[in-house]
Structure formats: structure tokens, C-alpha cells
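Throughout, protein chains are lettered first and strands after them, A, B, ... in sequence-line order, and every chain is numbered starting at 1. As the structure is a computational prediction, the values presented were derived from the model and not from experiment.
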2 protein chains.
Amino acid sequence: MTRRPQNTRDRLTQTAARLFQRSGYNGVGLTEILTEARAPKGSLYHHFPKGKQDLALAAASWASDGMRDMIAASFNDAQDFRAGVTTLCHKIAKLFDSSPQWETCPIAATLFESPDNPTFRDHADRLYESWIEDVRGHAERFGVAHPDMAADTLFIVMQGGWQLARARRDSNVLRRLPEHIPWDRFQPDGECGLTRPDPDR
Amino acid sequence: MTRRPQNTRDRLTQTAARLFQRSGYNGVGLTEILTEARAPKGSLYHHFPKGKQDLALAAASWASDGMRDMIAASFNDAQDFRAGVTTLCHKIAKLFDSSPQWETCPIAATLFESPDNPTFRDHADRLYESWIEDVRGHAERFGVAHPDMAADTLFIVMQGGWQLARARRDSNVLRRLPEHIPWDRFQPDGECGLTRPDPDR
DNA sequence: AATGCTCTGGACCAATCGGTCCAATCATTT
DNA sequence: AAATGATTGGACCGATTGGTCCAGAGCATT
């Protein structure tokens, strides 16, 4: 949230991230990015030799870092896993309200437009998995029953909820997201055959 | 699944739907659509006066109808709501496996690239709500506790699951989707104050 | 002051974009 | 057979696309 991105590279990355989120990778031209970032074309191809593709990868990574910060902020000082999830949902809802342009998952908008591009696919996969792994870490820390599944559930519900909130133009969909999660399956005394991995600590 | 779409209009619609799903609205040029549909430019602007926009709306509607057919086929001869959901998830997983190009929700890919275009937004909203309303109808018919919420949950989980399956390139994510749904909240003898709407039948 | 970098500015390019226009053709109806 | 409207074929258009290229500005270190 720096008010003045110093170097041209960061300015390009963040401007591109914002515009890609709004209109998708193919929906934004280099001219538009360059104009808004107040940078000439030469700078772009100096910092990003492969042009638009490199820029998209950098923009997606930057956006992903923002999401990971939000995940950390939500879970770090939470009482339990469920509280962390609730906080995260509210944070996302607030973000949804604050900017009408934040309307697509930044990763999906930037990297999911060309299924034939393996570089984009792999990068998106890696970024998504980093979110899920972060959440799984917190789930383990709080001792939930199936941390892997809990992390997957949260990801699924967040992505789907985002989509529904967008269609309905209603951030409350995101705030009510915890209601769609099967909490009893994640309680430490789960009914499943799996035992808790680490009781103490 | 007709092998030979008769008239040019249908051929254009279906080709466009397929290509938009693959690369998004802005990722496909008219030339590509015209070539694959074996139609000249004059035909396009005869059947779709507003050009690409009209074509996108028609393509999204067509794709949406396919999804609604799938929903109907899954729930119509199901024993209960949960069985219908499971069948639907397996059908979607099969679809995911069958064509590597079916990689984005067709509605999102076609209509969600320009947030500033209210026509697209409204159309997408309407199509999504028709899916949800269909599912809600089946939920009511099977007497689940909170049909509105059940339908929302299914939509959210399907959309998010789709995304995760795409990132992991694994259709089993879709098959395991029922595990992420809080079924106990939808049982007729729910813990909530609401009573069942229709006990017999 | 001179050198050797990084970085910027923008002219320029071929290709493609969505869209227009109209003559030719097709299928009906009279 | 003639006439009529629906449909097709494709040439053509200006605008924009992502990308190339290089002169020169800026800024260190020598």
C-alpha cells in the first residue's frame, strides 16, 4: 500500500496487477499499462525482457504476496482456526467493497487465460498452493482434525464465494462464507479414523 | 452434442462458446471463430448485429443451458438431495476429464472480462441465478432444511472446486467435493428454528 | 574528465483486431 | 418464371496490438 512506488519496475508490476485483475490478461494492452504507470516502452522491455508475459508473472506474484499477507494477518493472532477463517472472510469482504475493480481472483485473471501456456499454468498452480500451504500450517498449529482438507475447503469456498459475491455484487456472501464450511469435520475430536498428528506442543 | 450443427447461427454460437471457454472473451479473435465455424464475416453480422458482444451473450446462454441440463439430469432421478449433488459432481468431473479445453466456467470466461460492461454482468448474474434456482427447487423437493443456503453452498463449492481442479489438473477434486459440504445443516431435522416445508409427498 | 554501466524515451513495425459494406447467391412464395 | 427477402462470401477499413530497436540521459566508479 505504498503511496509512491519508487522504481519503475514496481510501478509497472503493481499497475499491471491492478489492470489485469480488472480486465484479464488479454483485456489489457501494453499501451494502457504504460500510460497508467507513466513509463515508456523501453523501460518495460528492459525490466521484463519477455514483455507482457514476464510482466504478468510478476504481477501475479505480487498480488499473491498480498493475499498471503492477509492470510498471515488473519491467523497469526486468532484464538482458533475458525476465528482465523472468519477474520479472513471479513477482510476479503472489506477488500471487495473497497475497490470495485477487485472483481476477479488476481491469479486467475492474470494467468488463466491461455490454457496452452504451461508457464502460466504452473505459476498459477504454485501460487495457489502457497496459499493453501499457509492455511494448512495454521490449521495444524491450531490442531484441527484434517488440516489438508480444511485448507482445501477454505480455498474452494473462498474462490467460489468470490465468484458468487461478484455476480450478486454483494460482499455479504463473503462474510457469510463460514456458514458453508463443515466445521464439525475439523474439530480435534473428529469421528474419522485418523488420529491427531501432534497432541502436545 | 449434435454432430453437425445445422444452421450457421448455431454453429457460430457453439464454436464461440468453446473458444471463449478456452481463452476468454478477449483472448479469441473473430477470425478464429469464423474459421473454425466455417462461416464468413457477413453471416456473423447478419445473425448477430452487434457482433462479438451478441455472440458472447448467445454463447454464454448456450453453455448455461448445457449446465442446467446437467443439473436436471443429476437431480431428476436421484434418491435424495445428497445423491443428486454427488451425481452432479461426478458428471462435472467426467466433463473436466473429457476435454482439456473445458477449463474455465464458461460464463465467467465469456462475460466476466469487462467489469465496466453492465450488459455482460447482468447476463452472467441471471444465468448463474438460474442454476442456483434450479438447484434450490430440487432441494425444496427433497425437503432439505435450508434450500436457499444449500443451493448457494453447492454453487460456491462447484465454482471453487472447478478452480482448484484446474490448478491441480486433477478431476478428483471435483469428485470429492461432497466432502466439503456441511450436510448436517441440510438434514430435514435441522437444529435451526425453521420447520420443514413439506413433510409428506 | 572519461569511462562504462543501467535505465529511459519514443519512433517504428508487421500483424491482427472488431467492424462495415455490398454484390452474389440461395430458398421461398407468388 | 419472376420476384422477394434471407443469407453468404469476402474485400476493405482505421485502430490497436505486442514487440523491436537504438539514441541518449543519468549516475556511478575510475
Checklist entry - What's the spacing between Leu177(A) CG and Leu88(A) CG if we round to 0.5 Å? => result 9.5 Å
Among residues at least two apart in sequence or on other chains, which ones pass salt bridge (charged side-chain N to carboxylate O under 4.0 Å, His left out) with [X]?
X: Arg68(B); value: Asp134(B)
X: Glu36(A); value: Arg18(A)
X: Asp170(B); value: none
X: Arg82(B); value: none

Next on the checklist: Using a 4.0 Å heavy-atom cut-off to protein, can you give one letter per nucleotide of nucleotides 14-26 of chain C, 5' to 3': B if the base is in contact, S if only the sugar-phosphate is, - if neither?
Outcome noted: ---SBBB------
Just jot down the ring pair (Phe, Tyr, Trp, His ring centres under 6.0 Å) partners of [X], sequence neighbours excluded, or say none.
X: Tyr45(B); result: none
X: Phe48(B); result: none
X: Phe81(A); result: Phe75(A)
X: Phe20(B); result: Tyr25(B)

All N/O donor-acceptor pairs, side-chain side in residues 90-99 of chain B, below 3.5 Å, sequence neighbours left out:
from: Asp97(B); atom 1: OD1; to: Ser171(B); atom 2: OG; distance (Å): 3.1
from: Asp97(B); atom 1: OD2; to: Ser171(B); atom 2: OG; distance (Å): 2.8
from: Asp97(B); atom 1: OD2; to: Arg175(B); atom 2: NH2; distance (Å): 3.0
from: Ser98(B); atom 1: OG; to: Leu95(B); atom 2: O; distance (Å): 2.8
from: Ser99(B); atom 1: OG; to: Trp102(B); atom 2: N; distance (Å): 3.1

Identify each atom pair where a protein N or O and an N or O of nucleotides 3-7 of chain C are less than 3.5 Å apart, giving names and distance.
from: dC7(C); atom 1: OP2; to: His46(A); atom 2: NE2; distance (Å): 2.8
from: dC7(C); atom 1: O5'; to: His46(A); atom 2: NE2; distance (Å): 3.4

Item to check | Length of the CZ-C1' vector between Arg11(A) and dT8(C), whole Å | outcome: 11 Å
Next on the checklist: Students should find this one: the first and last nucleotides of DNA chain D, 5' to 3', lying under 4.0 Å from a heavy atom of chain A. What are they?
Outcome noted: dT17(D) to dT20(D)
